[in-house]
Engineer: 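Below: one structure in structure tokens.
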Amino acid sequence: MPSSATATRVPVRPARLLTQNREMRAIGVWNWTLPALAARLPDGRTQVTCPAASACTRICYARNGTYLFPAVKAKHTANLAYVLDDLPGWEAAMIRELSAPRFTGRFIRIHDAGDFFSDAYTLAWCRVMRACPQVTFYCYTKEVRRFKRLIEPDPPENFLWVYSYGGREDSVIDPDRDRVADVFPDTDAIAGAGWSSQEASDLLAVLGPRLVGVPANRIPQFLKRMGGRRLSEWQAEIDAERRGRRRGHLRLAPGDPTAPATAEGRPNADGAERQAA
């Protein structure tokens, strides 16, 4: 028999996949969570969980407060490890859990932190939704290109989503057609823009009017960083700076050893926050 030192270690999987924080419990919604932006797993691997994130990383509620508690971080990291290491097993476990009577007629918010970070993971969620027609799923996402390619052509009937400004793919959003969410400095700014606030219930993001205003968290450093702007306006400034840098790079002679790299691919986990804004 193999010794304890050489025996294959079976990873411990989360006993329950869906949880409720205080706000979600108040409106009868359950949620699934990953680490926000990126995470390092116990075995040293890293994984970006919000590939399209940009300005939003500077005011991300899921990288503050209770989300930083060790037990909470460990739970979210275990969720991520499950989908990375055993996506079919996670899919089956999620379907089993959602088959419980308490979820019939309920709403599930996918990702109060994290996003649809890969095609395989996104398609696994689609299979879960189709296997659980008694449940309604919803999400905010900045993965606009992925959704327009994979979801919009044939969406599950019980899936609602809203494209959220503040990411690298804001330019792909069509505000005249898409359901969209933007973070505003306060509720007065939402009303002044003619948008509808979801402050009374998070479900209004997908059940209310198509233009969704989200009041900024009343965290002083967040409000200072926003500087009275909407998140979409902040992201537009970042995008303009990025275009300016790109034009500057193109003016440099080819092969110039002093020229900075021009590639702007999606960030790896170590560089996610640095590259996001």
Side-chain angles (χ1 to χ4, degrees), residues 2 7-21 24-25 27-52 62 67 71-143 146-162 202-203 206 269:
T8 301
R9 307 182 82 180
V10 177
V12 177
R13 299 305 186 195
R16 295 178 62 181
L17 302 177
L18 299 168
T19 58
Q20 286 182 307
N21 59 32
M24 295 296 102
R25 186 178 297 111
I27 59 174
V29 173
W30 296 77
N31 49 283
W32 161 259
T33 308
L34 297 175
L37 185 59
R40 189 178 300 278
L41 280 71
D43 62 6
R45 286 177 296 163
T46 58
Q47 175 66 48
V48 174
T49 55
C50 300
Y67 286 84
V72 174
K73 290 182 67 175
K75 163 65 174 172
H76 297 171
T77 302
N79 287 349
L80 177 61
Y82 201 170
V83 298
L84 289 176
D85 296 339
D86 185 11
L87 190 58
W90 169 86
E91 183 180 324
M94 181 64 77
I95 292 171
R96 278 197 306 273
E97 187 163 324
L98 286 167
S99 298
R102 68 175 177 275
F103 292 113
T104 300
R106 297 291 188 177
F107 283 81
I108 305 298
R109 175 171 170 176
I110 305 174
H111 305 138
D112 65 320
D115 209 337
F116 294 88
F117 61 85
S118 73
D119 284 6
Y121 175 60
T122 303
L123 293 172
W125 265 116
C126 288
R127 292 190 294 271
V128 169
M129 294 171 198
R130 290 190 167 98
C132 301
Q134 76 282 8
V135 180
T136 301
F137 302 82
Y138 79 101
C139 73
Y140 299 75
T141 185
K142 292 180 172 60
E143 288 297 309
R146 197 185 310 279
F147 265 55
K148 288 185 180 291
R149 178 168 50 85
L150 294 180
I151 303 298
E152 288 195 14
D154 184 24
E157 293 184 358
N158 53 340
F159 186 27
L160 305 171
W161 66 90
V162 53
D202 193 57
L203 287 173
V206 290

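Starting from 1, each residue takes its place in the sequence as its number. What you see below is based on every heavy atom in this structure, not just the backbone, and it leaves out hydrogens, waters and symmetry mates. Keep in mind that what you see is a predicted model, and the values were worked out from it rather than measured.
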Engineer: Return the CD1 to CG distance between Ile27 and Leu203, rounded to the nearest 0.5 Å.
Structural biologist: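 If I round to the nearest 0.5 Å, the distance is 4.0 Å.
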
Engineer: Could you give all pairs that pass the salt bridge (Lys or Arg N to Asp or Glu O under 4.0 Å) test and reach residues 71-87, with sequence neighbours left out?
Structural biologist: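 For residues 71-87, and leaving out neighbouring residues, the salt bridge (Lys or Arg N to Asp or Glu O under 4.0 Å) pairs sorted by first residue read Arg45-Asp85.
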
Engineer: Counting distance only, does the side-chain N/O of Asp115 pair as donor-acceptor with the main-chain N or O of Thr141 below 3.5 Å?
Structural biologist: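 Checked: no pair found.
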
Engineer: Rounded to the nearest 0.5 Å, how far apart are CD1 of Ile110 and CE of Met94?
Structural biologist: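 One gets 8.0 Å once the value is rounded to the nearest 0.5 Å.
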
Engineer: Show your reasoning for whether side-chain contact (heavy atoms from CB on, under 4.5 Å) applies to Cys139 and Phe116.
Structural biologist: CA-CA 10 Å; Cys139 73; Phe116 294 88; 3.6 Å; yes

Engineer: Under a 4.5 Å cut-off applied to non-hydrogen side-chain atoms, are Tyr140 and Arg109 in contact?
Structural biologist: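 Yes, their side chains come closer than 4.5 Å.
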
Engineer: Determine whether a donor-acceptor pair (N or O, by modelled atom type, separation under 3.5 Å) exists between the side chain of Gln20 and the backbone of Val29.
Structural biologist: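 At least one qualifying donor-acceptor pair exists.
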
Engineer: Looking at Cys132 and Asn158, what are the two nearest heavy atoms and their distance?
Structural biologist: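 Closest pair (atom of Cys132, atom of Asn158, distance): O-ND2, 3.0 Å.
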
Engineer: Looking at side-chain heavy atoms only, is the closest gap between Trp161 and Pro155 below 4.5 Å?
Structural biologist: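 Yes. Closest side-chain heavy atoms under 4.5 Å.
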
Engineer: Cation-pi check, Arg102 to Trp30: give yes when NZ or CZ is under 6.0 Å from the six-membered ring centre and within 45° of the ring axis, no otherwise.
Structural biologist: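 Checked: cation-pi criterion met.
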
Engineer: Is there a donor-acceptor pair closer than 3.5 Å between any side-chain N or O of Thr49 and the backbone N or O of Leu37?
Structural biologist: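 Confirmed, Thr49 side chain pairs with Leu37 backbone.
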
Engineer: Using 0.5 Å steps for rounding, measure from the CH2 atom of Trp90 to the CZ atom of Arg13.
Structural biologist: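 So the gap between those two atoms works out to 12.5 Å.
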
Engineer: Mind checking the CE-CZ spacing from Met129 to Phe137? Nearest 0.5 Å is all I need.
Structural biologist: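 Here the interatomic distance stands at 6.0 Å.
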
Engineer: List in chain and number order the residues that pass salt bridge (charged side-chain N to carboxylate O under 4.0 Å, His left out) with Asp112, two or more places apart in sequence or in another chain; answer none if no residue qualifies.
Structural biologist: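 Asp112 satisfies salt bridge (charged side-chain N to carboxylate O under 4.0 Å, His left out) with no other residue.
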
Engineer: Rounded to the nearest 0.5 Å, what separation is found between the OG1 atom of Thr77 and the CZ atom of Arg40?
Structural biologist: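 Going from OG1 on Thr77 over to CZ on Arg40, the span is 11.5 Å.
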
Engineer: List the steps and the verdict of side-chain contact (heavy atoms from CB on, under 4.5 Å) for Leu84 and Leu41.
Structural biologist: CA-CA 10 Å; Leu84 289 176; Leu41 280 71; 4.1 Å; yes

Engineer: Going by atom type alone, with no hydrogens or angles, which donor-acceptor pairs under 3.5 Å involve a side-chain atom of residues 117-125 and a protein atom two or more places apart or on another chain?
Structural biologist:
residue, atom, partner, partner atom, Å
Ser118, OG, Tyr121, N, 3.1
Asp119, OD1, Arg146, NH1, 2.6
Asp119, OD1, Arg149, NH2, 3.0
Asp119, OD2, Arg149, NH1, 2.9
Asp119, OD2, Arg149, NH2, 3.4
Tyr121, OH, Trp32, NE1, 2.8
Tyr121, OH, His111, NE2, 2.7
Tyr121, OH, Trp125, NE1, 3.1
Thr122, OG1, Ser118, O, 2.8

Engineer: Any side-chain to backbone donor/acceptor pair from Asn79 onto Pro14? Under 3.5 Å, distance only.
Structural biologist: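 Checking the backbone N and O of Pro14 against the side chain of Asn79, no donor-acceptor pair under 3.5 Å is found.
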
Engineer: For Glu91, check salt bridge (charged side-chain N to carboxylate O under 4.0 Å, His left out) against everything at least two apart and list the hits.
Structural biologist: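 Partners of Glu91 under the salt bridge (charged side-chain N to carboxylate O under 4.0 Å, His left out) test: Arg127.
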
Engineer: Return the set of residues passing side-chain contact (heavy atoms from CB on, under 4.5 Å) with Ala113 (not counting sequence neighbours), or none when no residue passes.
Structural biologist: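 Counting only residues at least two positions away or on another chain, Ala113 forms a side-chain contact (heavy atoms from CB on, under 4.5 Å) with Thr33, Ala36, Ala62, Tyr67.
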
Engineer: Give a yes or no answer on whether the side chain of Glu97 reaches the backbone of Leu17 with a donor-acceptor pair at less than 3.5 Å.
Structural biologist: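 Indeed, once roles are kept as given, a pair shorter than 3.5 Å links the two residues.
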
Engineer: Under the rule for side-chain contact (heavy atoms from CB on, under 4.5 Å), what residues qualify as partners of Lys148, not counting sequence neighbours?
Structural biologist: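 Lys148: side-chain contact (heavy atoms from CB on, under 4.5 Å) contacts with Val144, Glu152, Tyr163, Val172, Arg177, Asp178.
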
